[in-house]
Novice: 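Please read through the structure below; I'll follow up with questions.
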Number of protein chains: 2
Amino acid sequence: MYVTAASTAEDVVETGPSKRSIVRQRTVTIKPGKHLFLEGDPADYIYQVASGVLRLTRIMEDGRRQVIAFGYPGDTVGFPSDGLYHTDCDALVPSTLVVHRRAHLESAKGDPVLHQRLLLAALREISGMQDHFMMLGRKSSIEKLASFLMVLTARVGEPLGEFEQVTLPMTRADIADFLGLTTETVSRTFTQLRKSQIIAIDHVNTVIILKPIALRCIAEGDDN
Amino acid sequence: MYVTAASTAEDVVETGPSKRSIVRQRTVTIKPGKHLFLEGDPADYIYQVASGVLRLTRIMEDGRRQVIAFGYPGDTVGFPSDGLYHTDCDALVPSTLVVHRRAHLESAKGDPVLHQRLLLAALREISGMQDHFMMLGRKSSIEKLASFLMVLTARVGEPLGEFEQVTLPMTRADIADFLGLTTETVSRTFTQLRKSQIIAIDHVNTVIILKPIALRCIAEGDDN
DNA sequence: CGACGCGTTGATATGGCTCAAGAGTGGTGG
DNA sequence: CCACCACTCTTGAGCCATATCAACGCGTCG
């Protein structure tokens, strides 16, 4: 068993080296609600999301929570600092992850191509986090939610007739904690976008983008 | 001339390879108010702050501004993504910087020790930004300011008798844009901390920490 | 069938914003 | 050296966006 979080290690399933390529890739699967790692765990592994969605969170002693990021396929999670993880990480839906040893990031001794990829992922991470700062610090609730939907649609949107549709695997509370709002405000803001005919909502967790241009305008704060 | 921002290149002074060590280090100096680089500039160089203080900002079309970070000695700025800078960077006080080619970060071909240092700086950056998320998203104004003063004091505080003192090279507006507040709220919050005898303020930009424990409690949200 | 978790909506409260005025503070030129 | 100006900081009054508190509907699961 190679996974770090002792309390949850039994829930993470080693699926062994892939047989499909010459380079052996170790992967794990993780079920919803189970933790991949916790803040403070020694960070011996870095994970690349192959399928599913992860949730990276930080929690204050009094229970206030900040969702740092959602990890979608292609994303890399678990960048260490001082050899420790600095967030909790769990799965929103069943997920599969490619596992890399931390050593592969921190020295180029191993596979230089892999090293390079992990490094670029870290730099992309920094850039993405800078966007998020602007969102948390300076945007209104509707701008925040519009930005969130724009990013998610660009990333994992699917065409649906003439529109685009995006499935939200996270709860309203997750979105709230990601955007620095409350669940009530997120819910009201969804309603507001729905009543403006900018989005439609199907079964609570499926959003159809009816007016992508209007949504982008709101996200970027054009006029009000 | 090796600096990226065309419009400001003439203000950045090449001070040549250091003569003090066998490893030649190129350094530049930059004066207050002058830009080291702007968002969107091609990012050919990464800078390590040797002295002074830098300010990294992002600006929305309508003028809303977010200060992403302040760059103190030891910090590294200018991590590229897609080969471009994603923030503006200027100096708050006269600063000197050690210049590294981006290639030294993105391949290990050059100096592996340097490469390793830059990589660790990037990972530390990610960790620090995660702290900042919690601050922006979930903390009250007084918690934000207390956290800010704690971090700054730990980083660049100087003993003053039995207390610690920290000099703020940035304006109230900079602090506000860093914390996601307005200058008025920052000012009022300083006053509140001063009236509680937790800090004292000397000449506007010098803060003396009278009760570090009380300040830490506020920063971490103990009780109210 | 009941209980629970999640989402929505309403009513009210409030923290921080906006607008406005004044008080430092530092720089410049006469 | 002083007067002036520009800029930053502080403080006050009122307002508004979002939080809080509360009720209820709906779907899921035991």
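What you see is a predicted model, and the numbers here were worked out from it, not measured in a lab. Just so we're on the same page: letters track the sequence lines, and every chain starts at 1.
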Novice: Is the centre of the His86(B) ring less than 6.0 Å from the centre of the Phe79(B) ring?
Specialist: no
Novice: Using a heavy-atom cut-off of 4.0 Å across all strands, would you classify Thr171(B) as base, sugar-phosphate, or nothing?
Specialist: sugar-phosphate
Novice: Compute the ring centroids of Phe37(B) and Tyr45(B), then answer whether they are less than 6.0 Å apart.
Specialist: no
Novice: Look at Glu184(A) together with Arg188(A) and state whether they make a salt bridge at an N to O cut-off of under 4.0 Å.
Specialist: no
Novice: Can you find a donor-acceptor pair, distance only, under 3.5 Å between Arg172(B) side chain and dT11(D) base?
Specialist: no
Novice: What is the distance, to the nearest angstrom, from the CD1 atom on Ile201(A) to the P atom on dT9(C)?
Specialist: 9 Å
Novice: Using the 3.5 Å cut-off, write out each protein N or O paired with an N or O of nucleotides 24-30 of chain D and the distance between them.
Specialist:
none

Novice: Atom CD of Gln192(B) to atom C1' of dT10(D): distance rounded to whole Å?
Specialist: 14 Å
Novice: Using a heavy-atom cut-off of under 4.0 Å over every strand shown, decide if Ser141(B) touches base, sugar-phosphate, or nothing.
Specialist: sugar-phosphate
Novice: Regarding dC21(D), can its base be found pairing with the side chain of Glu184(A) as donor and acceptor, where the two atoms are less than 3.5 Å apart?
Specialist: yes
Novice: Do Arg55(B) and Asp88(B) meet the salt-bridge criterion of a basic N to acidic O distance under 4.0 Å?
Specialist: no
Novice: Return the nearest nucleotide to the side chain of Ser187(B); candidates are dT10(D), dT20(D), dG7(C).
Specialist: dT10(D)
Novice: Given dT18(C), dG16(C), dT8(C), identify the nucleotide with an atom nearest to the side chain of Thr191(A).
Specialist: dT8(C)
Novice: Of the candidate nucleotides dA19(D), dG16(C), dT10(D), which contains the atom at the shortest distance from the side chain of Thr185(B)?
Specialist: dG16(C)
Novice: Can you work out whether Arg138(B) or Phe190(B) has the more 5'-proximal nearest nucleotide on DNA chain D?
Specialist: Phe190(B)
Novice: Take the protein atom NZ of Lys139(A) and the nucleotide atom P of dC17(C), then report the distance between them rounded to whole Å.
Specialist: 18 Å
Novice: Send over the distance from Arg65(B) CZ to dC17(C) C1', rounded to a whole Å.
Specialist: 17 Å
Novice: Is it the case that the base of dG7(C) and the side chain of Arg188(A) share a donor-acceptor contact (distance under 3.5 Å, atom types as modelled)?
Specialist: no
Novice: Could Asp174(A) and Arg65(A) be called an ion pair, given the rule that one side-chain N must be under 4.0 Å from one carboxylate O?
Specialist: yes
Novice: Run the salt-bridge test on Asp90(A) and Lys34(A) with the 4.0 Å N-O cut-off and return the result as yes or no.
Specialist: no
Novice: Over how many whole Å does the gap from Leu181(A) atom CG to dT20(D) atom C1' extend?
Specialist: 14 Å
Novice: Between Arg124(B) and Asp75(B), is there a salt bridge with N-O shorter than 4.0 Å?
Specialist: no
Novice: Is the Tyr47(B)-His100(B) ring centre distance short of 6.0 angstrom?
Specialist: no
Novice: Whole Å only: how far is the CG atom of Asn205(B) from the P atom of dT10(D)?
Specialist: 10 Å
Novice: To the nearest Å, how far apart are Asp177(B) CG and dC17(C) P?
Specialist: 11 Å
Novice: Is there a side-chain contact between Thr182(B) and the phosphate of dC17(C), meaning an N or O under 4.0 Å from OP1 or OP2?
Specialist: yes
Novice: How long is the line joining CG of Asp174(A) and P of dG5(C), in whole Å?
Specialist: 16 Å
